[in-house]
Structures are given as structure tokens and as C-alpha cells.
4 protein chains.
Amino acid sequence: MDNDPSTTRRERRIANRRTLILEAAARLFAEKGFHRTTTRDIAEAADVSEGTLYNYFENKDELLMGIMAHLADKQHLNDRFVGDLSGDAREFLRSVLRERRETIEQSGYMLQSVLSEILVNPELRERYYQGLMLPALQSLEDHLRSRREAGQVRSDNPALTARVLIGLIQGLFLLEVLGDPEVRYNWDELSATIINVLFDGVSN
Amino acid sequence: MDNDPSTTRRERRIANRRTLILEAAARLFAEKGFHRTTTRDIAEAADVSEGTLYNYFENKDELLMGIMAHLADKQHLNDRFVGDLSGDAREFLRSVLRERRETIEQSGYMLQSVLSEILVNPELRERYYQGLMLPALQSLEDHLRSRREAGQVRSDNPALTARVLIGLIQGLFLLEVLGDPEVRYNWDELSATIINVLFDGVSN
Amino acid sequence: MDNDPSTTRRERRIANRRTLILEAAARLFAEKGFHRTTTRDIAEAADVSEGTLYNYFENKDELLMGIMAHLADKQHLNDRFVGDLSGDAREFLRSVLRERRETIEQSGYMLQSVLSEILVNPELRERYYQGLMLPALQSLEDHLRSRREAGQVRSDNPALTARVLIGLIQGLFLLEVLGDPEVRYNWDELSATIINVLFDGVSN
Amino acid sequence: MDNDPSTTRRERRIANRRTLILEAAARLFAEKGFHRTTTRDIAEAADVSEGTLYNYFENKDELLMGIMAHLADKQHLNDRFVGDLSGDAREFLRSVLRERRETIEQSGYMLQSVLSEILVNPELRERYYQGLMLPALQSLEDHLRSRREAGQVRSDNPALTARVLIGLIQGLFLLEVLGDPEVRYNWDELSATIINVLFDGVSN
DNA sequence: AATGAATGAGGTTTCATTCAT
DNA sequence: TATGAATGAAACCTCATTCAT
């Protein structure tokens, strides 16, 4: 008998199932795309019946929303860390890139699955922009502004500089998805190159 | 009677129709996505019957391929221009960014329509990478190498530096699609910021 | 402790629940139809779980049967009253119509819920005809025969005359369900008209 | 080559198909009910593919609407005939009943299929009442009023008297559907009984 | 070459029913 | 006895593709 008053075994199993389904879905969406993935595929991958899917998610679209919510949660954790101004600026960028790498290794398939739809689904796009992109841009912008005031970096327009960095990171993710080996298997050197270029420029 | 031996009126009308269909398709794919766009939608938008679609394209997938081929054609023109080493390096980047802007204004919807599928369709992805991405990366890398040899820029690893620039451009396109106003309506200043950062760095 | 030997509290609660479920079901069936009503709807309306439904009824169809049985019980009470030959014939018809009115006000929704299915379910139809319709027709026919022998009414064929009256009553119920205001809100005058027409005819 | 400008062979085949589908659907709806009839059943009965159904009707509900429209068309023809005041009153009722009989023999299954849903579908009910019931009631009421003014019949309230006749007819249809043999196989005598009762009453 | 009606495979979703708790 | 999560069959409907005209 399980008498734990906070979470019974059943409750835990259920909480788990939701996550299980979500991860199975995201993996398949990344592999074959949202539309080529059938609810049956997802059910099989998550080892539940199709009917059960609908006990956890109202419809197929809500799976995408669930994935996005998951990404947003992770993102917000990072955004808080971006607020940290201790350490020097290069070190900061280095950690951003390292952390980014880890996130992508863990849940890059979630980003991939969602990104594809974002490009062609205005409603989802808006959600993504408001919930994930803008917050990230905003905290980076704030960070840049603080660093500038501390005389650590130069930036005429932190809003635009933030776009350059975030854009770059997104773009490299795309290159990685495309299978580019330099990005996929040479991240450390790439990382160093990025820091070098962004801080010192290519000018001779 | 049209006696022009190279392209008869009929041939031109046909060539025209193919393009018409392709553009209609790309526009719809960008708006609602490949899968949410029906062949009927495309037929209506192109003002032909559904049956006629199949006289010009073997199946729906071939429309995507057609769009990609169209993008590749445009790209190759640019790649040749990237070979041009006259002018100074900043000026070169400025033209790259301007030219990029124009391309996106003219046929961004094509890129958008194709990108969404590329993210989740391995076969298409491979084609895109080989046909569009690698050539672009390669010519930029060559360009960088030449400039470096001419002592105009610094680059430890031109392959990676090329990835930084191309990645940045891709990423900014994504931000634009997401509707970010700084990227969409402030391109000139953004362009200046990019040149400034990439050449001189943000280091103080 | 309840020591009542005939019906314990528990038995009464259970009997109650059965009735509660049946009434909830009938009401929903009348509102949205048997097929558009889900077992979940019924469970919610009766404030029990779906599982509990199946402790009281073998399956959804049995709910319909239960409603029919309930109607049949009521009907049989009336049929006995139809056997009463005291009072004059007009008075008799008047009470039939009044009584009918009351039944419909109390449990018209049950009739409605069942009627819809009867029209298209041969098995149910047969049950309804044998269990409800024929008995009503038979007792009215007997009644008419008696009255005729007593010289109180004229009827060449009491079987057919009974059909005329029962048919009329059924048809008016239909008009009421259809929302006809003359039938719904003007029953007393309608009742008088019926008596007038059936006894004296419209002939001038 | 068919050069008939008004209706080509193809057009006729298509017009025909719509009717074919509608009749197949109505027949099945009457036999097993709207909800127990699958679109596949209908397609098979009409000897077309399921997809074809949807070229002629937007969805399953629209089949019901189509049936109702068909019934309304027939009804309106009769309503005009009800306007005819030549002939004596009994003769009029006799033709109404005869005509009714014929209609039911030809398309009773359509009425049956629709009636079942009308009982439990408020939207459909309203359509039926406004489109079929009210017009029928209204023209009968007008007819009665004219006859009364001509001194041919007695009626304190023609609106209610009309309800009595229409209600009776509906109710007898119900009895017929229920399989009552007196109504089904003895229509002529039933018809005579109705005329006799309604004109002369059962009073002795 | 152009049309658009016909097709039918396949997708999402619903829901009556079961059963472990 | 009561619960409600899990099930999976089956329903409606869409849509890429074909083909007779």
C-alpha cells in the first residue's frame, strides 16, 4: 500500500506518461515532420493506445503546443542565467555557447520539430516569438546594455547586437540540422571562432 | 503565326504556366505549409485545373523540388558574384547583405516554403545541403581564403568563419519570418551593425 | 443501523440511483438524441462515474429499454383506468386528454427520447408496439365496444376508431415537440375542439 | 457527339447521381437510423465511392437536409392542391387521404428517416416545422376557413381544427411505421372511418 | 493540352466498454 | 461499490492522383 499523501504511484505514472508521449511525439516530428507522423505512430512509440493520447492531449496540435511549452520552460531557466554579470564578457559568451550546445544535444529534436511548423503556421509562430524569442532577445539585450555601461563591450544598438548573436545561434542550429559536419563535429573550435570574430572582428 | 524558331508562343506560354504554378505553390506553402496546402488550392491560385498541375509536375513533391531548383538557380548567380575580389572587404560584405535583402524580398516565400520541409525531410535536406548550402559555404570560404592571402582579413579557419556568416544570415532570415520588427523594418541599421561587429568586434 | 426488513437504506439509495441515471439519460436523449449523447454526458448529468453506469445497466442500449419499461409502467396504469365505463362518453374523452396532458408534462421527454429511436430501430419498435401501443389500442377498442353496446357511441369498426383516437394523440404530441404554439399553449381549447369534432363532426 | 446545348449526357448523369445517393441514404436512414448508417453503407448502396458522396454533399448532415428539401418540394405541390375548393368537403378529405397514402407509399421512408432525427435535433426540427409543417397547417386552415364561409363545414377555430387533421395524419403514419396492420393493410376502410368520424362524429 | 469528377487509402478523433485500484 | 484511465474499433472526412471526355 502506498500511502504517500503528496504523489501516489498512480499520479506519478500519469505525470510520466504525459512526458513520455511528448518526447515520443517530438522525436517523430523531428524525424519525419508533424504531418507525416500519424497519431498511430506516436501511440506506438509511446507504447500507449491511440485513445490514450487523447486523454493527455486534446488533439494532435496540442502535442506541438506541449513541446513548445517544454522548450519555453527550459529557455526561461537560461534567460535567468543570462542575467548573471559576474565573470568577464568572453567567459559569458563561452558559457552561453556551451549551454546552448548542451540544450541542443538534449532536446534539439524538440526545437527541430517545432521550428518546421513555426515557419508555416502563423499562430504557432506568434506564440513562439512571444514566448521564446522575445524573452531571449530581451534578456540578452539587457545583458549587453549592462556590460556596455560597465565599459566591457562596445555596442551602438544593443537590440540589434542581440539579434546578431541570437540569429547566429539559430542559424548554426539550422546548419547542424542540415548535417554540416563542421558545425556538428567541430563545435569547440567553432565556438572559439565565434568568440574570436564577435569580440575582435576579422579586420586586419 | 509565330515563326520565331527558338521559342514559339506556345512554348513561352507553357514555360510561363509552369512558373505560374510554381509561384502560386510556393506562396501557399509559405502561408500555410506544404501539407496544409492542397493541390486544389494550388490549382485555384494558379488558375488552372487540378488535372493540369499533373501535366507540369509529376506529383506534389515535385513542386517542392521545382521551388528548390529555382532557388538553386538564383543562388548560383550569387555564388559567382561572391568570386569577385575587387572592392574592399567591408564593401563586399555590404553588397552580400544588400543582395541578400533583395533576394529575400523577391523570393523569401520560396525559401520559407522549402525550409520548413527541409527541417523534417531527410531526402530534401540532403538535396538542399548539397545543392545550395555547400556551394554557398564553399565559395564564401574560397573568398575568405583569398582575402586572407591578400592580407585583407584575419581568419584562422576560413571554413568555420564562413559558417559564422552564412549561419548568421540564415538565422536572421528566421527572425524575419518570425516577424521581428528590428530585422524586418530596420535592415539598413542592422546591416551596419553586422559589418561593424564582424569586422571590428564588440571588444572594448 | 436500518433494520427495516423490506427495503434497507442501501437498497433505496440504489433504486434511487438507477432512477436518477434513467432520468438523466432520458432528458439528454430528448435534448440531443440517443447517439449524440455519450455515456460520459449521462454520467456527468447523473453525477456518477462512467464505470458506475455499468453497475446499473448492462450497456447503453439498456438505458433505452429502461426508459421504455418506465413508460410502459405508467401506461398500464392508464390502461386500467380506460376500463372504467362510469361517466358519460364525452367526460371519458375529456379525462383521457387531461390525463394525457399530465403524462406528457411529467415525462414527455421520456416518450420523445424513445420515439426517435423507435422510428429507426426495428427491435425496439416491436417492443414498443407490443408493450405499449397494442395494449392501449386494445383497451380503447374494448372501451368503445362497450360504449357502443350501451348505445352511447356509434362505431362501425371500433378497432379503426381506436386507431383514429390514438393516432390523433400521438400526432399532437409530435406537433407539440415541433414547438407548435397552438398545441403547446392552448391545450384546453384544443381539447374542447377535439371532443367537439370527434363527437359531433364538422359537417354542417 | 452529344451537342444538346441544354443538358449534356454528363450533366444528366450527375443530376441523377445526386438523387441516387439521396434515395439510398434515405432508405438506409429509415431502416437503421441516421447514426447507425455509415457513409460507407450509403456509398455502397448508391454504388459510388465514399469520396464521391462528398462531391455531392458537404457532409453527412447535408444528406438529411437534402432529404428534407425533397420532402418540402413534394409537400408544396400538395399545398397548392389544398387550395382547390371545387368538389364537396368530404370529397376533398377523401382526396387528401388518398394523396397522402400515395405519398407515403412512394417516399414514406424519406419521412421516416427525417422524422427520427427531427425529434431530437432542435435545428432540424425548426427547419421542418417552418418549411413543412407550418405551410401545411396554414393552407389547411385557409381551406377550412373558406369552406366555413361557404357554409360547408362547422369550425369554431380553424387553426385548431387544422391541427386535429394534420396531427391525425402524422399519428397514423407513426402507427403505420410501428407496423400496425390495421393501418397498413386496411387503409381504405380506415379512410372511410376517418371521414365518417370527422364529419359526423361518433355521437349517437 | 486541359478539365474536373471519381476514387479509395489513410488520417484524426470519438466513445462504449473494461478493469485495476 | 465506485471510480476513471486505458483501450481500440470504427466513424467521418480529406486529398493526391487518375482518366474519360
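A 4.5 Å side-chain heavy-atom check between A:Y129 and A:I118 finds every atom pair outside the cut-off. Contact check for D:L22 versus D:Y56: no side-chain heavy atoms found under the 4.5 Å cut-off. Using a 4.5 Å cut-off on side-chain heavy atoms (C-beta onward), D:L64 and D:M68 make no contact. In this structure, B:M110 and B:E23 have side chains that are in contact, with non-hydrogen atoms separated by less than 4.5 Å.
Spacing between atom CG of A:D47 and atom P of F:dG8 amounts to 11 Å, rounded to whole angstrom units. In this structure, the CD atom of D:E44 is 11 Å from the P atom of E:dG8, given to the nearest Å.
Looking at C:D41 and C:T38, their side chains do bring a donor and an acceptor atom within 3.5 Å of each other.
Of the residues in residues 25-40 of chain D, those lying under 4.0 Å from DNA chain F by heavy-atom distance are D:T37, D:T38, D:T39. Scanning residues 51-63 of chain D for heavy-atom distances under 4.0 Å to DNA chain E yields D:G51, D:T52, D:N55, D:Y56. Residues from residues 113-120 of chain C placing a heavy atom under 4.0 Å of any atom in DNA chain F do not occur.
Between A:K32 atom NZ and B:N121 atom CG the span is 12.0 Å, to the nearest 0.5 Å. Between D:T39 atom OG1 and D:L63 atom CG the span is 9.5 Å, to the nearest 0.5 Å. Atom CD of residue B:E31 and atom CD of residue B:Q112 lie 9.0 Å apart, to the nearest 0.5 angstrom.
Nearest heavy-atom pair, A:V177 versus B:L119, reported as atom, atom and distance to 0.1 Å: CG1-CD2, 3.9 Å. Nearest heavy atoms, A:T37 versus A:K60: O-NZ, 2.9 Å. Residue A:A26 comes nearest to A:S113 through the heavy atom pair O-CB, 3.6 Å, listed as atom of the first residue, atom of the second, then distance.
Helical stems of DNA chain E (runs of at least 3 Watson-Crick or G-U pairs, donor-acceptor distances under 3.5 Å) are listed by first residue: E:2-21 with F:2-21.
D:E50 contributes a side-chain N or O that forms a donor-acceptor pair with the base of F:dC13 under 3.5 Å.
Within the structure, salt bridge (charged side-chain N to carboxylate O under 4.0 Å, His left out) contacts touching residues 115-129 of chain A (residues at least two apart or in different chains) are A:E117-B:R36. Pairs of residues two or more places apart, or lying in two chains, that qualify as ring-ring contact (aromatic ring centres under 6.0 Å, His included) and include a residue from residues 15-36 of chain D are C:H35-D:H35, D:F29-D:F34.
For the pair D:R17 and E:dA5, the criterion of a side-chain N or O lying under 4.0 Å from OP1 or OP2 is not met.
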